[in-house]
Each structure stands twice: as C-alpha cells, then as structure tokens.
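Throughout, numbering of the chain's residues begins at 1 and tracks the sequence. Just follow the structure's listing: the first ligand is 1, and inside any ligand the first atom is 1. None of these values were measured; they are calculated from a predicted model.
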Amino acid sequence: MKAWQVRSHGGLEALETVDLPEPKPGPMQVKVRVQAVGLNHLDIWVRKGVPGHKFPLPMVPGCDIAGQIVEFGPGSESALKNSGLVVGSDVILNPGNSCGHCEACLSGLDPLCREYGMPGETQDGGCAEFFIARVANLIARPKNLSASQAASLPIPFITAWSMLVRKAQVKPGEVVLIQAGGSGVSIAAIQIAKLFGSIVITTVGSDEKIAKAQALGADHVINYRKERFREALKKILPAYGKKGCDIVIDHVGADTMNESIKSLTWGGRLATCGATSGADVTLDLKAIFFKNISIFGTTMGSKADFIRIVDLVAQGKLKPVVDSELPMSDLRKAHERVESRAIFGKVVVTQ
Ligand code: ZN
C-alpha cells in the first residue's frame with residue numbers, strides 16, 4: 001500500500017512516500033480503509049523531532065483517523081456484535097492505545113497507563129491507504145459528519161474536554177480565557193466551555209478570526225496583535241464582577257504563560273496541554289501560592305470522554321471546524337498549512 005513515512009527528522013522533505021506491505025488485522029483488530037486524517041501539532045513534532053525525545057522511526061505519521069471497516073481480524077466480529085459495526089461501516093478511531101486492564105485504564109485515566117501510546121507517535125499512524133485498529137477504539141461515525149469532519153475531532157476535543165471538564169471542572173457562570181482561539185484545541189474548548197454555561201473570552205491573531213470565534217460562541221474576542229490581552233481583560237471583566245478569570249486554557253507556552261497566570265483570579269485554575277511557542281518558562285511562584293492557583297498538565301484523555309463527545313457532536317451541540325481539506329498526496333503542503341498561523345480549525349488530508 002502507499003503510505004507516508006518519517007525515516008529521519010527534518011523539514012518537509014522528511015515526509016517520504018513509500019510502498020509498504022498491506023497490513024493484516026490480528027486478534028481483536030480490524031482493518032480500516034483510511035478516508036481522512038486530521039493533522040495536529042503532534043505531526044509537526046514527529047516530523048521535526050523533539051530534543052531529548054526519541055520517536056520510534058521509521059513511522060507512518062497521522063493520529064486522528066476516520067475510515068471504513070474493510071476486514072475483521074479473529075474475534076473482532078463477535079466482540080463488536082452489539083455495536084452495529086460491520087464491514088463497510090464508517091468509523092472514527094479513538095486515538096489512545098492502552099492495556100485496558102490496569103488501575104489507570106479501569107479508572108478512565110488511560111493516558112496514565114504504562115502502555116499508553118498513540119498512532120503516529122508511538123506506532124504507525126493513518127497517513128496510508130489502510131490502518132489496523134483495535135476494536136476497543138472504534139466509534140461509529142455520526143451520519144451528520146463527513147470523514148473530514150470526523151477526523152478533525154479526536155485529539156483537540158479529547159484534550160479540551162480533559163482540561164476543562166476533568167481537570168479544571170468548569171462551572172456555569174465562570175469566566176474562561178482560552179488562548180489562541182483559532183487552534184483546533186481552542187475551537188473545541190470554546191464550544192465545551194459554552195456548553196457548560198461559562199463566559200468565554202478568547203484571543204486571536206487577526207481580525208478575520210474574530211467573527212469565526214464569535215460564531216462558535218465566544219462572548220469576547222481579543223486581537224492580541226492590536227491590544228495586550230491583559231489590558232483588554234481589564235475592560236471586559238468588571239461587567240462580570242471579576243478582577244481575574246476563573247480558568248485559563250494555555251497551550252501557547254513561553255509567549256503567554258506568565259501573563260496567563262497573572263490573568264487568573266484568586267483560586268483560579270490554569271490548564272496546559274502544549275507549548276507551541278516554547279516550553280521554557282520562568283515562573284514567579286509567589287503569584288501561584290499566594291493566590292491559591294492550580295495548574296493542570298494534560299495529555300490526551302479518557303476514551304469514555306470521547307464517546308460522550310461524539311454523542312454531543314451527533315446532537316449538533318459540538319461542531320468540528322475544518323480549516324482546509326487537501327488530498328493525502330499533498331501531505332507536505334498540509335504540514336506547511338498547520339505551521340502557518342493563518343489557520344482557523346483543522347487541516348485534514350483525505351483519500
Ligand atoms: Zn492500562
């Protein structure tokens with residue numbers, strides 16, 4: 001089968017097309033014909049490499065996968081008999097792989113499983129004609145979603161749900177600041193925070209993204225290139241009787257982290273799931289302990305939460321946002337697009 005592979009880290013040229021043997025599904029696995037793969041910053045890190053971290057190369061990239069079941073491995077058909085999934089069913093793949101029987105897995109904390117891994121990060125991913133999936137990770141694709149919309153859900157929505165619902169425990173009426181409102185995880189966070197009845201403030205880097213963020217439900221949108229967001233907050237917060245935000249979602253990292261922490265009210269919570277502008281930050285601990293601030297680190301989340309998310313998407317209460325759709329043969333262009341700050345939503349490759 002045709003596939004993309006990263007054999008050594010580098011620029012766009014590190015993405016190479018290769019011919020690989022067509023995979024066979026093993027016990028409790030199914031073979032999926034890949035229809036769409038949503039790209040994440042993870043894909044950029046896997047391609048470029050991360051200092052101090054070793055990815056198992058060569059590797060087929062691509063984590064967020066939508067496709068069609070084409071073959072059952074031994075035991076899979078009976079394992080799925082109550083799910084309605086058959087050969088020919090359209091599916092979305094829950095991206096985390098874990099052992100399924102340790103304390104972490106059984107507590108719904110699968111990212112803490114010692115065996116936790118992800119396609120396109122710890123094993124071959126979806127930028128290929130076919131992908132072998134575990135039966136535990138198959139979710140029927142809702143009828144109101146295209147394959148591209150489905151592939152734009154997993155990492156951003158699971159991550160945003162973990163930060164807001166599991167970790168920060170967002171409540172109705174709370175003020176939530178979401179940095180980088182055009183990114184996939186923030187687009188998910190804006191919608192989830194609104195679903196829980198909070199007041200959402202988000203930052204964007206261009207005026208054209210303001211209306212898009214408002215359309216998702218954001219109550220206030222700050223163009224951080226025109227006005228420092230902390231200055232803008234001073235004008236917004238008094239209307240809610242607040243001097244600081246209850247929750248801040250920050251995956252920008254070095255460029256914003258200190259200002260994000262200063263934006264919190266007493267007892268405020270900050271959740272971080274990434275550091276696209278850099279991970280080295282100097283923190284003033286006084287600002288954290290005096291104000292009883294909590295900081296939550298998050299990677300991925302619970303498989304059960306993603307089932308809930310897909311239900312809410314099927315009901316139209318959460319919406320995937322696709323920035324652009326390119327053929328999988330243009331994966332290099334798709335990576336370029338992810339790295340540009342011009343996007344609003346997910347870049348998806350299809351075949
Ligand atoms: Zn486990």
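At the Zn ion (ligand 1), the angle from SG in C102 to SG in C99 is 110° when rounded to 10°. Computed with the Zn ion (ligand 1) at the centre, the C113 SG to C105 SG angle is 110°, stated to 10 degrees.
Using a 4.0 Å cut-off between charged side-chain N and carboxylate O, K262 and D284 make no salt bridge.
A centroid separation of 6.0 Å or more is found between the aromatic rings of H220 and F229.
Counting heavy atoms of neighbouring residues, nucleotides and ligands inside a 6.0 Å radius, atom NZ of K333 does not exceed 12 of them.
A donor and an acceptor atom, one from each side chain of E325 and S148, are located under 3.5 Å apart.
Under 2.8 Å from the Zn ion (ligand 1) lies no N/O/S atom of H101, from backbone or side chain alike.
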